[in-house]
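Report on the following structure.
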Amino acid sequence: MDFDLTTEQTALRDAVSALGRRYGHEYFVAKAKAGEHTTELWNEAGKLGYLGVNVPESYGGGGGGITELAIVCEELAAAGCPLLLLVVSPAIVGTVLARHGTEAQRAEFLPGIADGSLKVVFAITEPEAGSNFHRLGTVATRDGDDWLLTGRKCFISGVDEAPYVLVVARTAVGDRLQPALFLVPTDAPGLTSSKLDMEIVSPENQWLLYLDEVRVPGSALVGGMEAGLPALFAGLNPERITVAAMGAGTGRYAIERASSYVAGRQVWGRPIGGHQGVSHPLAHAAVQVELARLMVYKAATLYDAGRDIEAGVAANMAKYATADAAALAVDTAIQVHGGNGMTTDYGVATLLGGVRAGRIAPVSREMILNFVAQHVLGQEKSY
Ligand SMILES: Cc1cc2nc3c(=O)[nH]c(=O)nc-3n(C[C@H](O)[C@H](O)[C@H](O)COP(=O)(O)OP(=O)(O)OC[C@H]3O[C@@H](n4cnc5c(N)ncnc54)[C@H](O)[C@@H]3O)c2cc1C
């Protein structure tokens, strides 16, 4: 057993951390509040090769694994810059295309995903189906060599930043989901979107998508007809592991900010960090974050070793644990800041919406508990 990163991974971690800290949380918040995106950070990270660390070298990526991408996600978040689209474009779409895309799709999309010049977002969630993907109502029907897609999607992140969205549809109406994934241009005729008002301080927006007989060529279908289910599942573990890494990084960021604040703030003639009523909750949160973080790298290591089933269990547990740990860390950080904790300037309350959403998306804590109850504890499914 080895808990150490390799020399290359350590160098990656240090370099990404330095980049993230050069921008910092103030930059992230300023962009979010101005309704702008963190384009400068994204582009610089892309140029330095950090966004495509997991994309195969033959398509311009770093040829690493999800461990490397988790390191990037964690360190940027630990610098106060949790970039949600890392989870969507390189983690989900990059993996789905690398594993199941046709050669033409890989050649067209992966180099841009790797250097960050092309963002592809991901649309599965629907208003009616919710967590029950078997009820997906977006239907793809054949029309000659083309496909026509009709349906509605909600909470889709980054639609305004991406020229393509990977849409999950069903190819047949019935109880059993036969999914198929399509690369759809976001300016395709018949595709409209409207922005959701979210209570999250984030430079990324969530969107409702309406697809009204959106026509795409046969070449937009990822893999073949048989690729649907495996292609959909291929994105799940990378998504959970990277979102968990981001949660761990956010927890670290909140604890670091809070520790530095309580070491300096004096109310009774000595730093408030000397009161155990202040330091113990912070220490408790630090323990929870570190425990959750360990599970992130266990999941990433299993995934990169090709042990998909075990990685699935670990990825779900890591996602569950980091979401709770990050929420605890941010809440505790606010508390020990007193009134300053609720200001924008001190840079902790700005994370509240994001960490709260982390317990709901991309998969809710209840659905993870269902997964663990059924697949680890062998209990009956209740739904
Ligand atoms: C910030 C943000 C970004 C997102 N980005 C994307 C994106 O880019 N692409 C995308 O496709 N989606 C995205 N989503 C959607 C997200 O994946 C869903 O919100 C999430 O999967 C939960 O689905 P739902 O909102 O429909 O909740 P529902 O399914 O309606 O669930 C509501 C509540 O009921 C609970 N519940 C439901 N069924 C059960 C059950 N069987 N047992 C116990 N509890 C249950 C849930 O856990 C939850 O607490 C995003 C969401 C957010 C908040």
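In what follows, every heavy atom counts, from backbone to side chain, and hydrogens, waters and symmetry copies are set aside. Nothing here was measured: the structure is a model prediction, and the numbers come from that model. Note that ligands are numbered from 1 as they come in the structure, with each ligand's atoms numbered from 1 the same way.
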I want to confirm something. Looking only at heavy atoms, which of [options] is nearest to [atom]?
| atom | options | result |
| --- | --- | --- |
| atom 18 (C) of ligand 1 | Thr125, Asn205, Val168, Leu209 | Thr125 |
| atom 47 (O) of ligand 1 | Gly353, Pro127, Ser364 | Ser364 |
| atom 14 (N) of ligand 1 | Phe122, Tyr383, Phe155 | Phe155 |
| atom 38 (N) of ligand 1 | Glu239, Met367, Arg359 | Met367 |

Report task. Determine whether the side chains of Thr138 and Glu126 contain a donor N or O and an acceptor N or O closer than 3.5 Å. Result -> yes
What protein heavy atom lies closest to [atom]? Include the residue and the distance to one decimal.
| atom | value |
| --- | --- |
| atom 42 (N) of ligand 1 | Asn370 ND2, 3.1 Å |
| atom 28 (P) of ligand 1 | Ser131 OG, 3.7 Å |
| atom 44 (N) of ligand 1 | Glu366 CB, 3.4 Å |
| atom 52 (C) of ligand 1 | Ala361 CB, 3.6 Å |

Query - Sub-4.0 Å atoms of ligand 1 with respect to non-hydrogen atoms of Ile156 - result: 7 (C), 8 (O), 9 (N), 10 (C), 11 (O)
Requested in this report: Number the atoms of ligand 1 from 1 as they appear, then name those within less than 4.0 Å of a heavy atom of Gly130, with their elements.
Outcome: 26 (O), 29 (O)
Query raised in the report: Going by side-chain heavy atoms closer than 4.5 Å, which hydrophobic residues are tied to Met1, directly or by a chain of links?
Result: Phe3, Leu294
Query raised in the report: How does the hydrophobic cluster around Met367 look, that is, which other residues are in it when side-chain heavy atoms under 4.5 Å mark a link?
Result: Met295, Val313, Met317, Tyr320, Val363, Ile368, Leu369, Phe371, Val372, Val376, Leu377, Tyr383
Report task. May I ask you to decide whether Asp304 forms a salt bridge with Lys298, counting only side-chain N to carboxylate O separations under 4.0 Å? Result -> no
